[in-house]
2 protein chains.
Amino acid sequence: MKYNEFEHCGLNVSLQMLSGKWKPIILYHLFHNQQIRFTELWRIIPKVAKKVLLDHLRQMENDGLIIRNERSGFPPEVCYRLSEKGKALGPILSSLEAWANEHAAREVEALRKANSARRKSE
Amino acid sequence: MKYNEFEHCGLNVSLQMLSGKWKPIILYHLFHNQQIRFTELWRIIPKVAKKVLLDHLRQMENDGLIIRNERSGFPPEVCYRLSEKGKALGPILSSLEAWANEHAAREVEALRKANSARRKSE
DNA sequence: CCGTATCCTAATGGATACTG
DNA sequence: CAGTATCCATTAGGATACGG
């Protein structure tokens, strides 16, 4: 092999950080809001279990994609927002979005409809 | 919410197509070779189970990312190569690679060393 | 409000033997 | 050589109840 081996490791790492059933929608909302409170995020993501949402947020925090901000007192108030590292992913995620819309329009439409129907039935 | 909902669906679809433990390395080799025979791919990916590699390739074929080419006769000869749709992912995957190298250098290095060590011990 | 603790199910990845 | 068939281990995702 004349090309450099192990060039795929970075790809592995980044895809790993993005893998998780609810990460795309979490990222989407974080890119459209400066910050979001936990319960608000839980409310706008339909049907995700609280534990799972927390798992995802913890992973993303550990990976340095997002920042968790806790205001002490009662009731507690926790906000999540993108880190610089997370923001740097913006253009790439847009490219992936565009690629899917161009090359997998059928699947994207199907998913859109499924989500839309689910939202209405609540 | 003033922004358009469900804009994350395309991202969901594309990440879904890229999710799988061995897809990054498969894609990497397909981007560096016009076509690869099944056994060759199985040989250069260390320790993956044949069934799992086949599962991944089937998924990628069903998703339209790769094309399977079978030459009849005995012994059989099956080659895999990127489709146009798959090739269109190239620049995006490079961006993800670059992002990881810039923002997650530690993790990338760790993985590189782990793979390198595993390769030597065979 | 935010998070934990349990317990459960489904999906993914894998080892091994076998077949045309 | 390429692919199937079993069977198994691990992980991800989820429902529900409880706690500071």
Side-chain angles (χ1 to χ4, degrees), chain A residues 8 12-13 15-27 29-30 33 35-63 65-81 111 114-115 118 122, chain B residues 8 12-13 15-27 29-30 33 35-63 66-81 111 114-115 118 121-122:
Chain A
H8 53 88
N12 238 313
V13 166
L15 286 178
Q16 182 61 38
M17 288 182 178
L18 294 173
S19 83
K21 186 166 178 180
W22 305 101
K23 283 184 189 172
I25 193 172
I26 293 173
L27 286 166
H29 287 292
L30 287 175
N33 297 272
Q35 52 171 36
I36 315 186
R37 293 187 57 165
F38 175 77
T39 300
E40 173 68 2
L41 199 53
W42 191 46
R43 198 187 59 75
I44 60 186
I45 299 183
K47 307 232 181 186
V48 62
K50 212 196 267 189
K51 170 184 158 293
V52 175
L53 182 54
L54 275 163
D55 286 349
H56 278 72
L57 289 169
R58 288 252 190 285
Q59 285 174 31
M60 295 168 83
E61 195 195 355
N62 290 336
D63 288 336
L65 297 181
I66 64 174
I67 294 169
R68 177 179 178 280
N69 223 284
E70 182 172 2
R71 200 190 49 111
S72 54
F74 201 91
E77 180 178 325
V78 176
C79 283
Y80 293 91
R81 62 191 165 88
L111 185 55
N115 283 347
R118 197 160 42 142
E122 278 167 15
Chain B
H8 52 86
N12 237 312
V13 167
L15 286 177
Q16 182 60 38
M17 288 182 179
L18 294 173
S19 83
K21 186 166 179 181
W22 305 101
K23 284 185 189 171
I25 192 173
I26 293 174
L27 286 166
H29 287 292
L30 286 176
N33 298 272
Q35 52 170 37
I36 314 185
R37 292 187 59 166
F38 175 77
T39 300
E40 173 68 3
L41 199 53
W42 190 46
R43 199 186 57 77
I44 60 187
I45 299 181
K47 305 233 183 187
V48 63
K50 213 195 266 190
K51 169 184 159 293
V52 175
L53 181 55
L54 275 164
D55 286 349
H56 278 71
L57 289 170
R58 288 255 188 282
Q59 286 173 31
M60 295 168 82
E61 194 196 356
N62 291 336
D63 288 337
I66 63 173
I67 294 169
R68 177 180 177 279
N69 223 285
E70 182 172 3
R71 199 189 51 110
S72 54
F74 201 91
E77 181 177 325
V78 176
C79 283
Y80 293 92
R81 61 192 166 87
L111 185 55
N115 283 347
R118 199 162 40 144
S121 74
E122 279 165 15

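Protein chains get the first letters and strands the later ones, always in sequence-line order, with residue 1 at the start of each. We use all heavy atoms of the structure for the numbers below, so side chains are in, but hydrogens, waters and symmetry mates are not.
Between B:R58 and the phosphate of D:dT4, there is a side-chain N or O to OP1/OP2 separation shorter than 4.0 Å. A close approach under 4.0 Å does not occur between any side-chain nitrogen or oxygen of B:R43 and OP1 or OP2 of D:dA2. At the phosphate of C:dC1, neither OP1 nor OP2 sits under 4.0 Å from any side-chain N or O atom of A:R37.
Not counting sequence neighbours, the partners of B:R68 by the salt bridge (Lys or Arg N to Asp or Glu O under 4.0 Å) test are B:E70. Residues passing the salt bridge (Lys or Arg N to Asp or Glu O under 4.0 Å) test with A:E77 are A:R37, A:R71, sequence neighbours excluded. Applying the salt bridge (Lys or Arg N to Asp or Glu O under 4.0 Å) criterion to B:K51, with sequence neighbours excluded, gives B:D55. Evaluation of the side-chain contact (heavy atoms from CB on, under 4.5 Å) rule for A:R81 yields A:Q35, A:I67, A:N69 as partners, not counting sequence neighbours.
Contact of the A:Y80 side chain with the A:I26 side chain is not registered, since no non-hydrogen atoms from C-beta on lie closer than 4.5 Å.
The nearest heavy atom of DNA chain D to A:F74 and to B:E77 marks one nucleotide each, and the one closer to the 5' end goes with B:E77. Map A:F38 and B:P76 each onto its nearest nucleotide of DNA chain C; the residue landing nearer the 5' end is A:F38.
When the P atom of C:dT16 is taken as reference, atom CH2 of B:W42 falls 11 Å away, rounded to whole Å. When rounded to the nearest whole Å, the span between CG of B:L54 and C1' of C:dG14 equals 13 Å.
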(message) Within the 4.0 Å limit for protein heavy atoms, which parts of nucleotides 6-14 of chain D are touched? Write it as a string from 5' to 3', B for base, S for sugar-phosphate only, - for none.
(response) B------BB
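The list of salt bridge (Lys or Arg N to Asp or Glu O under 4.0 Å) pairs with a residue in residues 18-27 of chain A, not counting sequence neighbours, is empty.
In the set C:dG20, D:dA2, C:dG3, C:dG3 carries the atom at the smallest distance from any side-chain atom of A:V78.
Nucleic acid contact class of A:R71 (heavy atoms, under 4.0 Å, all strands): none.
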